[in-house]
Amino acid sequence: MIVQLLTSFTGALGFCLVFHLRRRYMFAASLGGLLTCGIYLAAASIWSGILLPTLTAAAFAALYAEFLAWFMGAPATLFLIPALLIPLVPGRPLYYAMYYAVQQDMDLSADFARQTALYALGIALGASLVWALADMRRHLKQNGFGN
């Protein structure tokens with residue numbers, strides 16, 4: 001578990017370095033990768049399956065990115081991509097889906113493709129839920145209904 005958290009942090013940090021993120025945002029973006037991985041691991045210990053833990057972690061990552069965007073005065077994307085994609089992209093099931101398709105073992109390929117689709121659906125739903133709520137809040141605030 002600690003290895004997964006550390007690799008999520010260093011993976012997000014490496015992503016930040018490769019794409020020349022400003023130094024003042026690097027730690028916060030990398031910390032997002034670590035925290036998102038931690039939320040995923042905690043959610044996976046509570047719920048079995050793929051969809052709910054991934055959805056929970058993706059919603060957290062989007063909320064984290066929105067908060068940091070507001071707090072640091074930067075676009076949310078700077079924090080979202082390292083926090084969301086690095087720890088949650090389903091590399092293993094996608095690889096095995098393709099591997100077994102090439103090996104012409106369609107049963108295993110279909111099973112890994114289903115897992116990949118559940119990860120992708122969880123990421124999309126979790127992030128979209130937070131984005132929709134954040135956009136609604138901004139719209140209400142602009143029209144005088146919020147603080």
Side-chain angles (χ1 to χ4, degrees), residues 1-140:
M1 180 168 137
I2 291 176
V3 171
Q4 288 174 304
L5 294 172
L6 290 175
T7 55
S8 291
F9 180 84
T10 55
L13 180 61
F15 185 89
C16 293
L17 290 170
V18 167
F19 287 98
H20 304 290
L21 189 66
R22 290 186 181 165
R23 285 191 189 271
R24 66 184 226 162
Y25 303 135
M26 273 191 203
F27 180 75
S30 301
L31 184 63
L34 182 140
L35 294 174
T36 299
C37 182
I39 295 293
Y40 174 79
L41 293 173
S45 71
I46 296 170
W47 298 302
S48 62
I50 295 170
L51 185 62
L52 283 177
T54 306
L55 188 145
T56 304
F60 169 79
L63 191 62
Y64 179 81
E66 288 290 332
F67 173 75
L68 283 179
W70 167 80
F71 183 72
M72 298 183 102
T77 309
L78 298 180
F79 307 106
L80 182 69
I81 301 302
L84 181 67
L85 294 182
I86 300 304
L88 295 181
V89 166
R92 181 181 178 274
L94 181 59
Y95 170 81
Y96 281 115
M98 294 299 105
Y99 175 79
Y100 287 119
V102 169
Q103 297 296 320
Q104 297 184 355
D105 188 343
M106 294 305 150
D107 291 334
L108 280 174
S109 178
D111 184 49
F112 282 108
R114 182 191 60 78
Q115 290 177 29
T116 303
L118 286 173
Y119 277 112
L121 184 63
I123 291 169
L125 287 175
S128 296
L129 176 68
V130 172
W131 290 334
L133 293 173
D135 189 51
M136 188 181 341
R137 181 184 172 276
R138 279 190 289 270
H139 181 71
L140 289 172

With under 30° as parallel and over 60° as perpendicular, where do the rings of Y25 and F79 fit, or are they tilted in between? perpendicular
So how far is it from L63 CG to L133 CG, rounded to the nearest 0.5 Å? 9.5 Å
Can you tell me how far apart CG (L88) and CD1 (I39) are? Round to the nearest 0.5 Å. 11.0 Å
Check ion pair E66-R138 (N to O, under 4.0 angstrom): yes
Once you round to the nearest 0.5 Å, how far does CG of L17 lie from CE of M26? 4.5 Å
With sequence neighbours excluded, what pairs up with A59 under the side chain to side chain contact (heavy atoms under 4.5 Å, CB included) test? V130
Check side chain to side chain contact (heavy atoms under 4.5 Å, CB included) between A43 and all other residues, then give those that pass, not counting sequence neighbours. W47, P53, T56
Inspect the surroundings of CZ in F9 and state if more than 12 heavy atoms from other residues, nucleotides or ligands are less than 6.0 Å away. yes
Indicate the atoms forming the closest heavy-atom contact of A28 with L68, along with that distance. CB-CD1, 3.7 Å
May I ask you to decide if the ring planes of F71 and F67 are parallel, tilted or perpendicular, using 30° and 60° as cut-offs? parallel
Under the side chain to side chain contact (heavy atoms under 4.5 Å, CB included) criterion, do L118 and T54 qualify, and how do the steps go? CA-CA 8 Å; L118 286 173; T54 306; over 6 Å; no
Between the OG1 atom in T116 and the OH atom in Y95, the distance rounded to the nearest 0.5 Å is 13.0 Å
Partners of D111 by salt bridge (charged side-chain N to carboxylate O under 4.0 Å, His left out), sequence neighbours excluded? R114
Side chain to side chain contact (heavy atoms under 4.5 Å, CB included) involving L6 - partner list, sequence neighbours excluded: I2
Here the pair of heavy atoms bringing Y119 nearest to P93 is CE1-CG, 3.8 Å
Quick one, L78 and R22 - any side-chain contact, counting heavy atoms below 4.5 Å? no
Over all heavy atoms of both residues, which pair between P87 and G33 is shortest? Give the atoms and the distance, please. CG-O, 3.5 Å
Who pairs with I81 by side chain to side chain contact (heavy atoms under 4.5 Å, CB included), at least two apart in sequence or on another chain? F15, T77, L85
I need the L140 CG to D135 CG distance, nearest 0.5 Å. 9.5 Å
When you measure from the side chain of S109 to the backbone of D105, do you find a donor-acceptor pair of N or O atoms at a distance under 3.5 Å? no
Treating S8 as the side-chain partner and C37 as the backbone partner, does any N or O pair qualify as donor plus acceptor under 3.5 Å? no
Non-hydrogen side-chain atoms of L41 and L5 separated by less than 4.5 Å: yes
Take L108 and Y96 through the side chain to side chain contact (heavy atoms under 4.5 Å, CB included) test and state the conclusion after the steps. CA-CA 8 Å; L108 280 174; Y96 281 115; over 6 Å; no
Exercise: identify the closest heavy-atom pair between L84 and A127: CD2-CB, 4.3 Å
Scanning both residues in full, the closest heavy-atom pair of A62 with L80 reads CA-CD1, 3.6 Å
Donor-acceptor under 3.5 Å (T7 side chain, Q4 main chain): yes
Inter-residue atom distance I50.CD1 - L55.CG, 0.5 Å rounding: 13.0 Å
Min side-chain heavy-atom separation S30-P82 under 4.5 Å: no
For R92, the salt bridge (charged side-chain N to carboxylate O under 4.0 Å, His left out) test, sequence neighbours excluded, returns none
Just wondering, do L35 and Y64 contact through their side chains at under 4.5 Å, heavy atoms? yes
